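Throughout, a chain's letter reflects where its sequence line sits, starting with A, and its residues are numbered from 1. In this text the structure is predicted, and so the values were computed from the model without any measurement.
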Amino acid sequence: MSKTDVSRRGLLKTGAIAGAGVAMPTIFTAQSAHAFTNEPTGGTVTLGFNVPQTGPYADEGADELRAYQLAVEHLNGGGDGGMMNTFSSKALQGNGILGKKVEYVTGDTQTKSDAARASAKSMIEKDGAVMITGGSSSGVAVAVQALCQEAGVIFMAGLTHSNDTTGKDKRANGFRHFFNSYMSGAALAPVLANAYGTDRKAYHLTADYNWGYTTEEAVRSSTEAMGWETVAAVKTPLTQTDFSSYIAPVLQSGADTLVLNHYGGNMVNSLTNAVQFGLRDKLVNGKDFQIVVPLYSRLMAKGAGANVKGIFGSTNWHWSLQDEGSKAFVKSFGTKYGFPPSQAAHTCYVQTLLYADAVERAGSFAPCAVVEALEDYEFDGLGNGKTLYRGDDHQCFKDVLVVKGKENPTSEFDLLEIVEVTPVAQVTYAPDHPQFSGGALGTCNNGA
Amino acid sequence: MDAIILQILNGLDKGSAYALIALGLTLIFGTLGVVNFAHGALFMIGAFCAVTLSRILTLSHTIIDETKTDFLGNPLKVDVPYVHDIFGVAAGNVIIDWAVPLAILFAIPVMIAVGVIMERGLIKHFYKRPHADQILVTFGLAIVLQEVIKYFYGANPIPTPAPEAFKGSFDFGAAVGFDPNLIIYPYWRIIYFFFATLIIGGVFAFLQFTTFGMVVRAGMADRETVGLLGINIDKRFTIMFGIAAAVAGLAGVMYTPINSPNYHMGMDFLVLSFVVVVVGGMGSLPGAVLAGFLLGVLESFASMREVIDIIPGINQIIIYLVAIIILLTRPRGLMGRKGVMED
């Protein structure tokens, strides 16, 4: 006969352990039962849209969110289908993703790396997001991309232009559709040489952070290869609002061209200040003084107003493109919201479709299956012509637009005109190009 | 030499903005003893007075231009400002073009009203509270105000240009015998400097030569005694708060052509302006003005490439470095006097 001793203390201990087990956060128990992080098990799948909803890029974030909502509507079979009708892949049927209705949660990056990581983490751990996308800054993109790699979810970058996102900071779980600093330099330099000649003295003002450095390096090397001389490159604090003390000495340096490696509020203010100082009215070295803005955004051009007229820059996409994909997207977006989409909206919309399509083709939401489906994937019909998602670095290779501030805009959205569609071959570089050196993709992570 | 003259000019106009904001801050601190962290927001609201007037002047009705199409291929909707209907196209365009100078008239009553409402509605309840409480409540108010502005006007900067007549720059170099293009300076920044000088002179004259100003100065020196003489000093101080708000607001209005206003511009100036007040001497109006111009000029010099090459990063820390040095050598600031604003 066996005797079982059940003491009061023992009972309490057992109860406490059992209680803790029951109360354990579902993410741990769920992970143990699933093949990968946040595997969708019901009739829905959740995507996480991490965009700046507050802070200086809130307007750009709002446009990104509009695009995401439109993409979700189209994926679920609503609206006119937008670019799904022109996309070369026909895997998407308008019945969600793999038959699961697409739902979404949003986070606020505040355009701060720590805030963006916190909101992405919350969407992964609390809301069960299987993919994170969005952002309006390279700092944020790099930080969130690293987080997604650790967590075992896919990151589809929003607006991020620094070489490092798919250079030294690339990750296997991260993908960038947007173009980069190198591509801007490679596309701009021949147009600049053609418009302004090969004998120019350039003065660079560069925002003192990662994106500024890579953009300056890209534009310098491309323009110097064309024969331009760089007379000075000055770093400006990211928090600078009045650039007069940086712009005033430009003419004294003997430079006849000013390159503003600035984005957002920095770009609006430095360009406004440069025009105020009358630089563009001056004749230096027997040539008209010129200003160049390597990365343009329509929303920023709006902030700078008439100051952008005639100034060259580059952009990832523009609503005035006449290919079928762009027209379909502009019609869809314009009908829903009443104005044309920005390039940030375009890249976010496209990234969502590309992710959904990759899942459909892979037949799985598992990150490693999605990575395999996206790597070296060629597609068309999404507004940039034939495009390759290169497997070596997860960077999209496609045509780049060189644009110019429009002299006679017909509306508040009609600020830039396309000067040249630079063919993809001209902006393609080797995966081990020095401007992208360091770092490694590593291996994909399914999490769980 | 030309580079030095150029940076002095730069510093003077930057210093003008610092001095105007710091002057208002000092007026409020000197009269009411309140550390007003919402003062930058008043500068921002002033700038948005110019944006608002510009929008009022461009209020439009829509006509359809059948000959053109919009981005969706529909007939183009063209906005026609009402001022064109009322004054004709040419005169209407001139009125719209002069929106910023006209906004001065618009901003004065608006800013005085904002200042008085702010003081009566919120800040007066914090007079007897510690400075930490005042800082928290005014900082919170600043955030609320900027979020309200962002809600209505968005986060993007809004271009608000100067009248066409003031665009371009003046070639100082050519005027004083240097080579052309060596020392150029935008007309509007020159106007900003003289405008700031006028406002600062006006505030000093008001305090120095009017009975009202005399009472206020007496109140700043000894509030209790002035109260015992039967003078309602609180009412006068409320008016001074309104005047300080108007000074900050006018600084904001005139700043809009220099940098396109956005909801965050007040915060960009706030911390620097506090440093200016501390360096100038707490409660000292001439000190605030002197420190404003001094720090503006030093900041400009620190931004020179030649200086940055010698001391990298100096452009980002110069103001704080100078503030530390001045406070170590003159703890009451440049023009702070013993016993003034000290417990």
Ranking A/Tyr57, A/Phe243, A/Tyr246 by heavy-atom pairs under 4.5 Å to chain B gives rank one to A/Tyr246
inquiry  = Other residues, nucleotides and ligands only: do more than 12 of their heavy atoms fall within 6.0 Å of NZ on A/Lys112?
reply    = no
Tightest non-hydrogen contact, residues A/Ser244 and B/Lys14, listed as OG-CE, 4.2 Å
Checklist line | Test side chain to side chain contact (heavy atoms under 4.5 Å, CB included) applied to B/Gln7 and A/Ser245, step by step | finding: CA-CA 7 Å; B/Gln7 293 303 350; A/Ser245 44; 3.5 Å; yes
Ordered numerically, the heavy-atom neighbours of chain A under 4.5 Å found in residues 254-264 of chain B are B/Tyr255, B/Pro257, B/Ile258, B/Asn259, B/Ser260, B/Tyr263
Applying a strict 4.5 Å limit to non-hydrogen atoms, the region of A/Lys327 in contact with chain B is neither
Answer key: most heavy-atom pairs under 4.5 Å with chain A among B/Gly168, B/Pro186, B/Ser300 is B/Pro186
In terms of heavy-atom contacts, B/Phe71 and A/Trp319 come closest through CB-CZ3, 3.2 Å
When every non-hydrogen atom of B/Leu72 is compared with those of A/Val330, the smallest separation belongs to CD2-O, 3.7 Å
Query raised in the report: Can you check whether A/Phe277 and B/Tyr185 have ring centres sitting under 6.0 Å from each other?
Result: yes
Bottom line for A/Gln53: the part with an atom under 4.5 Å from chain B's heavy atoms is backbone
Under 4.5 Å to a heavy atom of chain B? For A/Leu279 that would be side chain
Under 4.5 Å to a heavy atom of chain B? For A/Tyr203 that would be side chain
The interface call for A/Gln240 against chain B, heavy-atom contacts under 4.5 Å, is side chain
**Request:** Please check if the side chain of A/Asp59 supplies one atom and the backbone of B/Asn156 the other of a donor-acceptor pair under 3.5 Å.
**Result:** yes
Honestly, the part of A/Asp208 sitting under 4.5 Å from a heavy atom of chain B is side chain
The interface call for A/Val268 against chain B, heavy-atom contacts under 4.5 Å, is side chain
Highest number of heavy-atom pairs under 4.5 Å with chain B among A/Gly303, A/Ala304, A/Gly278 belongs to A/Gly303
The interface call for A/Thr54 against chain B, heavy-atom contacts under 4.5 Å, is both
query = With a cut-off of 6.0 Å (strictly less than), are more than 12 heavy atoms of other residues, nucleotides or ligands near CZ of B/Phe194?
reply = no
If one checks every heavy atom of A/Thr241 against chain B at 4.5 Å, the contacting part turns out to be both
Honestly, the part of B/Ile184 sitting under 4.5 Å from a heavy atom of chain A is both
* **Over 12 non-hydrogen atoms of neighbours within 6.0 angstrom of NZ in A/Lys331** => no
Max heavy-atom pairs within cutoff under 4.5 Å with chain A, candidates B/Arg305, B/Arg189, B/Lys150, B/Lys68, goes to B/Arg189
When every non-hydrogen atom of B/Leu6 is compared with those of A/Pro249, the smallest separation belongs to CD2-N, 4.1 Å
Greatest number of non-hydrogen atom pairs under 4.5 angstrom with chain A, of B/Ile158, B/Asn10, B/Asn74, falls to B/Asn10
CD1 (B/Ile183) and CG (A/Leu251) are apart, to the nearest 0.5 Å, by 11.5 Å
Output for pair (B/Asp70 CG, A/Phe339 CZ), nearest 0.5 Å, gives 13.5 Å
Residue set satisfying side chain to side chain contact (heavy atoms under 4.5 Å, CB included) with B/Ile311, at least two apart, ordered chain then number -> B/Ile314
